Amino acid sequence: QTVTSGFTCSPTTLTVSGTRTITVTYGNASAYFTVTVNEPVISAIAVKTKPTKVKYDQGDFLDTNGLVLSATLADKSVLEVTSGYGCTPAFLKAAGTQNITVSYAGQTASFPVSVTQIMANAAFVDVMANQWFYNYINDLTKRGLLSGTNNYDGTYSFRPYSNITRAEFVAMLARASGCDLSGYYYSRFADVPYGNWACPYVTWASSCGIVTGANGCFRPGDNITRQEMAVMLTRYSVYLDKSMKMDVLPVTFTDDAYIADWAKNSVLAMQKAGIIAGSKNASGSYSFRPWAEASRAEAAKVVSAYLAK
């Protein structure tokens, strides 16, 4: 008997692409056949509903909860999309109104968010407007790149005169680049194991050629020296492929002989770019202090000066 009605098919809605099996039921018997479900061709997307949160403080991460897209298909039908899209930027560094770009199926749309500026004075009780490092720390704080120590009374201290470790400086560079660290949660160095807070930052820096380590170790807890800082900044510039204007006359430091051979070119480049300067002596000459351990204020100064370049 040929049957053309009275049966049921399951499923009747094909929402997943690929080869799908259809079950046909008639009476107490079942039969099967397969179909191929292609991805729909989307010609355009638009933001149907903005995310619930559209106001942020500087340094916040984007929250896409509530975002709904409408996708127009090739046959002019419209599909509602609530997942599977990507948004950039995800890290909100600049104050003011920012446009967020949404990408889905090769198409893009955008929506605005408002980002409130954070001032350095309000952030750190030990950073005053009359100190030489105020503008640099203020700049990086507004960019959302610095963190401090939580005091017992709810205020925060930056500890500008304390030393900064190699891992802390690498973390500062990573934040400045705005990179996505989600793919760097694995270890490249024996002394920076998976689970260590610095692991994704150091792995990112190693993958980008900013740090190399020695004998399989990175020494994350060691205080960074001024010449190490110059080398990392030079490699960071190469990684970003950003040229700098060398508009400062070269200086011969009184302690030039003590600068390591592997750091000499980097020290010269950072000095000529006006990013790292030496200490002025009573005689009018300058010393670089290559083996001196850098302070947190000095690190903030060089990163801020580099970003300005």
Side-chain angles (χ1 to χ4, degrees), residues 132-133 136 140 160-177 187-192 196 198-199 201-309:
W132 69 266
F133 46 75
Y136 305 116
L140 297 189
Y161 298 106
S162 297
N163 294 122
I164 186 170
T165 67
R166 287 163 55 82
E168 288 171 337
F169 187 71
V170 162
M172 191 181 293
L173 294 181
R175 295 189 191 108
S177 71
S187 176
R188 281 197 165 194
F189 300 102
D191 56 353
V192 190
N196 183 293
C199 183
Y201 298 107
V202 175
T203 300
W204 165 82
S206 175
S207 300
C208 298
I210 298 169
V211 302
T212 57
N215 301 318
C217 294
F218 176 69
R219 299 182 290 113
D222 286 5
N223 294 331
I224 195 169
T225 64
R226 288 170 54 80
Q227 64 182 357
E228 287 174 335
M229 197 162 58
V231 171
M232 286 191 193
L233 272 174
T234 304
R235 293 173 178 168
Y236 183 65
S237 182
V238 172
Y239 158 69
L240 293 180
D241 194 24
K242 299 284 187 181
S243 60
M244 295 176 293
K245 188 176 181 181
M246 302 294 181
D247 52 2
V248 178
L249 292 175
V251 172
T252 300
F253 295 112
T254 58
D255 51 0
D256 181 77
Y258 296 97
I259 300 174
D261 289 341
W262 47 265
K264 283 187 182 293
N265 288 338
S266 295
V267 170
L268 178 61
M270 292 297 108
Q271 182 270 313
K272 289 173 66 178
I275 293 171
I276 294 181
S279 301
K280 191 172 184 179
N281 304 315
S283 62
S285 60
Y286 286 84
S287 299
F288 182 70
R289 300 180 294 117
W291 295 96
E293 296 173 342
S295 69
R296 288 169 58 82
E298 287 175 326
K301 186 264 183 182
V302 299
V303 173
S304 175
Y306 176 79
L307 294 177
K309 280 282 181 178

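Counting begins at 1 with the first residue of the sequence. On a predicted model such as this, the values are computed, not experimentally measured, just so you know.
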From I276 atom CD1 to K301 atom NZ, the distance as rounded to the nearest 0.5 Å: 7.5 Å
Spacing of OG belonging to S266 relative to CD1 belonging to I275, to within rounding of 0.5 Å: 11.5 Å
Ring-ring centroid check Y201 F169, cutoff 6.0 Å: no
Sub-4.5 Å side-chain heavy-atom contact between M244 and M270: yes
Where the side chain of N215 meets the backbone of C217, is there a donor-acceptor pair that is under 3.5 Å apart? no
What pairs with F288 under ring-ring contact (aromatic ring centres under 6.0 Å, His included), at least two apart in sequence or on another chain? F253
Is there a side-chain contact between Q227 and W262 (heavy atoms, below 4.5 Å)? yes
For R289, what residues pass the salt bridge (Lys or Arg N to Asp or Glu O under 4.0 Å) criterion, not counting sequence neighbours? E298
Where is the tightest heavy-atom contact between S177 and Y236, given as atom of each residue plus distance? N-OH, 3.2 Å
The salt bridge (Lys or Arg N to Asp or Glu O under 4.0 Å) partners of K309 (sequence neighbours excluded) come to D247
Rounded to the nearest 0.5 Å, the CG atom of N163 sits from the OG atom of S295 at a distance of 7.5 Å
Side chain to side chain contact (heavy atoms under 4.5 Å, CB included), that's the test. Do L140 and L307 meet it? Break it down for me. CA-CA 9 Å; L140 297 189; L307 294 177; 4.0 Å; yes
Can you name the closest pair of heavy atoms from A198 and A167 and give their distance? CB-CB, 3.8 Å
If you count every heavy atom of other residues, nucleotides or ligands that lies below 6.0 Å from D222 atom CG, does the total exceed 12? yes
4.5 Å side-chain heavy-atom contact, M229 and V302: yes
Is it the case that the side chain of S237 and the backbone of T234 share a donor-acceptor pair, with hydrogens and angles ignored and the cut-off at 3.5 Å? no
Are the side chains of L233 and L173 in touch, meaning some heavy atoms are under 4.5 Å apart? yes
Could you check if a side-chain atom of W204 sits within less than 4.5 angstrom of a side-chain atom of I210, using non-hydrogen atoms only? yes
N/O donor-acceptor pair under 3.5 Å between E228 side chain and R166 backbone: no
Just so I know, are the side chains of V202 and R188 near enough to count as touching, which here means a heavy-atom distance under 4.5 Å? no
Which heavy-atom pair separates I164 from M172 by the least distance, and what is that distance? CD1-CE, 3.9 Å
Please walk me through it: do R296 and F133 pass side chain to side chain contact (heavy atoms under 4.5 Å, CB included)? CA-CA 10 Å; R296 288 169 58 82; F133 46 75; over 6 Å; no
Considering all heavy atoms of both residues, which atom of P220 and which atom of T165 are nearest to each other, and what is their separation? O-CB, 3.4 Å
Provide the full list of ring pair (Phe, Tyr, Trp, His ring centres under 6.0 Å) pairs with a residue in residues 209-234, sequence neighbours left out, each pair given once. F189-F218
With sequence neighbours left out, write down each residue that passes side chain to side chain donor-acceptor pair (under 3.5 Å) with N281, or none if nothing qualifies. S285, S287
Determine yes or no for a side-chain-to-main-chain donor-acceptor pair under 3.5 angstrom, with S207 supplying the side chain and T203 the backbone. yes
Salt bridge (charged side-chain N to carboxylate O under 4.0 Å, His left out): which pairs involve residues 252-261, sequence neighbours left out? D256-K264
Whether the side chain of Y239 engages the backbone of A205 through a donor-acceptor N/O pair (distance < 3.5 Å, no angle test) should be reported. no
